[in-house]
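Note sheet for the following structure.
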Amino acid sequence: MIPISKPYLGDAEKQAVMEVLDSGMLASGPRTVKFEERFAQECGVKHAIATSNGTTALHLALLANGIGPGDEVITTPFTFIASVNSILFTGARPVMVDIDPETFNINPALIEAAITPRTKAILPVHLYGYMCDMTALQAVADKHGLKIVEDACQAVGATYQGRKAGSFGTGGFSLYATKNVMSGEGGMITTNDDAIAKKCKMLRNHGMERRYYHDMLGFNFRMTDLCAAIGLAQMDRLADFTAKRRVNADYFNAKIESVLIPKVKTGYEHVWHQYTIRVDKGRSRDAAVKQLTDNGVGTGIFYPVPAHQQGYIKDLLGDMKLPMAEQLAQEVISLPVHPLLSAEDREKIVMEVNKL
Ligand SMILES: Cc1ncc(COP(=O)(O)O)c(C=O)c1O
């Protein structure tokens, strides 16, 4: 079976972990600081703040932007649930706006109608490694004085008009084991704003700047040096990983004929965290997944249930109709696009997809 994802762990990662073990300093320490510096450089921002995972990164990014009870945050329903949960954790209300079926991302044209006097921020998700239309989002945000917190969990290295994901607003990244760069579990917040960086650092460490003096209610959302060592080693490979993902995606784009394939518009650089096809026109997605699986091609469904249709979200926010998200949740299938695919794997994937 060609797996949907395959983390790359080489000698550099193993050696880096052994060095941490030998140092006796397993908790957050010098490697975390180095990893933060490297990540900030990669994203073209002044600060990166490491956290325990992508969910905590988004949670702190929202808190540091002053989001809290009584506020509304506009986001997409077509995402991993953590995007919406991070808003709920602050006490704010997520307001979901439907997506553009061509990009899988929030439809900027629908945002303005969802704005109320309580709206404080937009949380766009750069799904599958493809950035949102940041010009349109920035225009609405500027017009209404809203903050932008980018869920860039799947989009490390992606660009929009030459600017990296996580450099438009406050960024939140995941370093979960299957992500384009990973540390097992881990997260990063990115920002150019000194005050937001300072607040995130304090919030992740019990509201503390000076040891055992606590200035605010904070959390333990720190990254360990063990995770940072893995992440740091991975950063050396990011450009190569991304190039390989692009080669794979270009091959699929050129050869797949049986189903709808993802489009990349001018001005966008995709990092292909996922390569996602659509099995549309009433064809059965379950049958397609079964056929691919039976023939050795691993698949993923990201995501089968849009956030607004999850039980506890419905209980909280009531019934909502977001037709595009609901339709795409029935149609999407992600194919293996990871850097460890061989030329034979690519050919096999195309052959099996074209038999659908
Ligand atoms: C779009 C999106 N948002 C948020 C998260 C949360 O990240 P983590 O799993 O590291 O908490 C993920 C990770 O899967 C994600 O894909």
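Whatever order the structure lists them in is the order used to number ligands and atoms, beginning at 1. Along the sequence shown, residues carry numbers from 1.
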Would you give me the side-chain donor-acceptor pairs under 3.5 Å for residues 104-115, sequence neighbours excluded?
from: Asn105; atom 1: OD1; to: Leu127; atom 2: N; distance (Å): 3.0
from: Asn105; atom 1: ND2; to: Tyr130; atom 2: O; distance (Å): 2.9
from: Asn105; atom 1: ND2; to: Met131; atom 2: O; distance (Å): 3.4
from: Asn107; atom 1: OD1; to: Ala109; atom 2: N; distance (Å): 3.0
from: Glu112; atom 1: OE2; to: Lys143; atom 2: NZ; distance (Å): 2.7
from: Glu112; atom 1: OE2; to: His144; atom 2: NE2; distance (Å): 2.6

Extract all donor-acceptor atom pairs below 3.5 Å that involve side chains of residues 18-26 and protein atoms in other chains or at least two apart in sequence.
from: Glu19; atom 1: OE2; to: Gln15; atom 2: NE2; distance (Å): 3.3
from: Ser23; atom 1: OG; to: Val20; atom 2: O; distance (Å): 2.7
from: Ser23; atom 1: OG; to: Met25; atom 2: N; distance (Å): 3.1

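- Pocket lining of ligand 1, defined as residues with a non-hydrogen atom under 4.0 Å away: Asn53, Gly54, Thr55, Leu58, Thr79, Phe80, Ala82, Ser83, Val125, Asp151, Cys153, Gln154, Ser174, Lys179, Gly186, Tyr303.
- Qualifying side-chain hydrogen bond (donor to acceptor under 3.5 Å, both in side chains) partners for Glu352, counting only residues two or more places apart in sequence or in other chains: Lys355.
- A donor atom on one side chain and an acceptor atom on the other are not found under 3.5 Å apart for Thr55 and Ser86.
- Aromatic ring orientation, His214 versus Tyr212: tilted (interplanar angle from 30° to 60°).
- Checked for salt-bridge contact, Asp98 and Lys321 miss the test: no charged N lies under 4.0 Å from a carboxylate O.
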